[in-house]
Protein chains: 2
Amino acid sequence: MRLLPHPATEDIELTEVLRALSDPVRLEITIRLAIAGEMNCTTAADHLGVHKSTASHHYRALREAGVVETKQEGRLKYMSLRRTDLDARFPGLLDAVLHAANRPSRRPVSAHQADARA
Amino acid sequence: MRLLPHPATEDIELTEVLRALSDPVRLEITIRLAIAGEMNCTTAADHLGVHKSTASHHYRALREAGVVETKQEGRLKYMSLRRTDLDARFPGLLDAVLHAANRPSRRPVSAHQADARA
DNA sequence: AAGTCAGTTTGATGGGCATCAAACTTTTGC
DNA sequence: GCAAAAGTTTGATGCCCATCAAACTGACTT
């Protein structure tokens with residue numbers, strides 16, 4: 001189980017994140033990751049109508065922009081949103097984009113937030 | 001004084017807005033409009049280091065994406081952010097982008113420097 | 001060892017886009 | 001009317017990018 005190289009949090013650039021999310025296929029992948037959490041690549045791009053090599057390019061674009069994190073387990077690669085990093089660097093941006101895409105995200109709720117909600 | 005054609009609020013597409021904002025020049029123009037409000041085109045793109053025809057293309061890109069509104073008064077054209085429309089359609093998105101854009105990318109800076117942002 | 005599975009890389013293609021330069025349009029001022 | 005100012009449009013250039021197809025890699029299976 002090894003992690004692939006990603007940009008450090010402080011190296012994530014706003015314009016690159018916006019550019020990454022401005023492609024419909026990549027936005028859809030991002031939404032799926034937000035809803036379902038960690039997914040392998042094939043699942044993330046299932047029924048998107050793009051060739052697997054095209055999808056692979058999108059995975060790379062998302063990873064290099066700092067939007068997703070990829071780790072390999074066996075012969076599968078699992079992607080997940082870099083939620084903490086993105087929220088730290090660009091507070092509210094990811095939530096606004098996901099909400100704008102009209103598909104609410106299932107965030108892990110901290111104990112603190114859970115208390116405040118009750 | 002006449003208004004130029006713009007997309008209706010409900011026709012503003014998320015991916016197009018993200019794409020429009022993903023260009024550094026257009027993002028800078030957007031930030032200036034957010035800070036200073038309505039500005040004419042030349043002022044908005046002052047000292048950006050791009051030719052006026054290039055700037056004009058960016059105005060169009062921002063307008064067609066639904067980010068800005070343009071009205072002509074005399075021989076000047078004034079641009080302004082479509083804040084209300086954007087907030088209605090994508091709540092929190094514009095604010096998150098503007099807030100994110102205020103953070104310098106690499107070195108963490110003091111609040112003093114952050115306030116003196118150019 | 002051979003085959004399969006998951007995903008990447010490479011090559012080719014077509015389209016879009018950021019840029020500048022030059023010509024054009026519209027409005028204002030002399 | 002003529003010229004200047006403010007943008008736009010058009011043309012040219014070069015780059016980047018989304019896409020597919022085919023070859024490749026690394027890991028598991030039989």
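Everything quoted here is computed from the prediction, not taken from an experiment. The sequence lines fix the lettering, A, B, ..., with proteins before strands; numbering per chain opens at 1.
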*Asks:* I'd like to know if R83(B) and D95(B) make a salt bridge, using a cut-off of under 4.0 Å between side-chain N and carboxylate O.
*Replies:* yes
*Asks:* Rounded to whole angstrom units, what separation is found between the OH atom of Y78(B) and the P atom of dT27(C)?
*Replies:* 15 Å
*Asks:* Indicate for each nucleotide in nucleotides 12-19 of chain C, in 5' to 3' sequence, whether protein heavy atoms under 4.0 Å reach the base (B), only the sugar-phosphate (S), or nothing (-).
*Replies:* -----SSB
*Asks:* Could you measure the distance from the CD atom of E73(B) to the OH atom of Y78(B)? Nearest 0.5 Å is fine.
*Replies:* 6.0 Å
*Asks:* Between C1' on dA18(D) and CD on E28(A), what's the gap in Å once rounded to a whole number?
*Replies:* 17 Å
*Asks:* Would you say dC20(C) has OP1 or OP2 under 4.0 Å from some side-chain N or O of K52(B)?
*Replies:* no
*Asks:* Round to a whole Å and report the spacing from NZ of K77(B) to P of dT25(C).
*Replies:* 14 Å
*Asks:* 5'-most contact on DNA chain C: L76(A) or R60(A), nearest heavy atom basis?
*Replies:* L76(A)
*Asks:* Name the residue closer to the 5' end of DNA chain C, choosing between R75(A) and R63(A) according to the nucleotide with the nearest heavy atom.
*Replies:* R75(A)
*Asks:* T43(B) and N40(B): side-chain hydrogen bond (donor to acceptor under 3.5 Å, both in side chains), yes or no, with the steps?
*Replies:* CA-CA 6 Å; T43(B) 307; N40(B) 68 62; 3.0 Å; yes
*Asks:* Heavy atoms, side chains only, cut-off 4.5 Å: are R32(A) and I29(A) in contact?
*Replies:* no
*Asks:* Sequence neighbours left out, what pairs pass side chain to side chain donor-acceptor pair (under 3.5 Å) with at least one residue falling in residues 4-25 of chain B?
*Replies:* T9(B)-D85(B)
*Asks:* Just how far, in rounded Å, is C1' of dA27(D) from CD of Q72(A)?
*Replies:* 8 Å
*Asks:* Rounding to an integer number of Å, can you tell me how far Y59(A) OH sits from dA18(D) P?
*Replies:* 14 Å
*Asks:* Give a yes or no answer on whether the side chain of R63(B) reaches the backbone of V68(B) with a donor-acceptor pair at less than 3.5 Å.
*Replies:* no
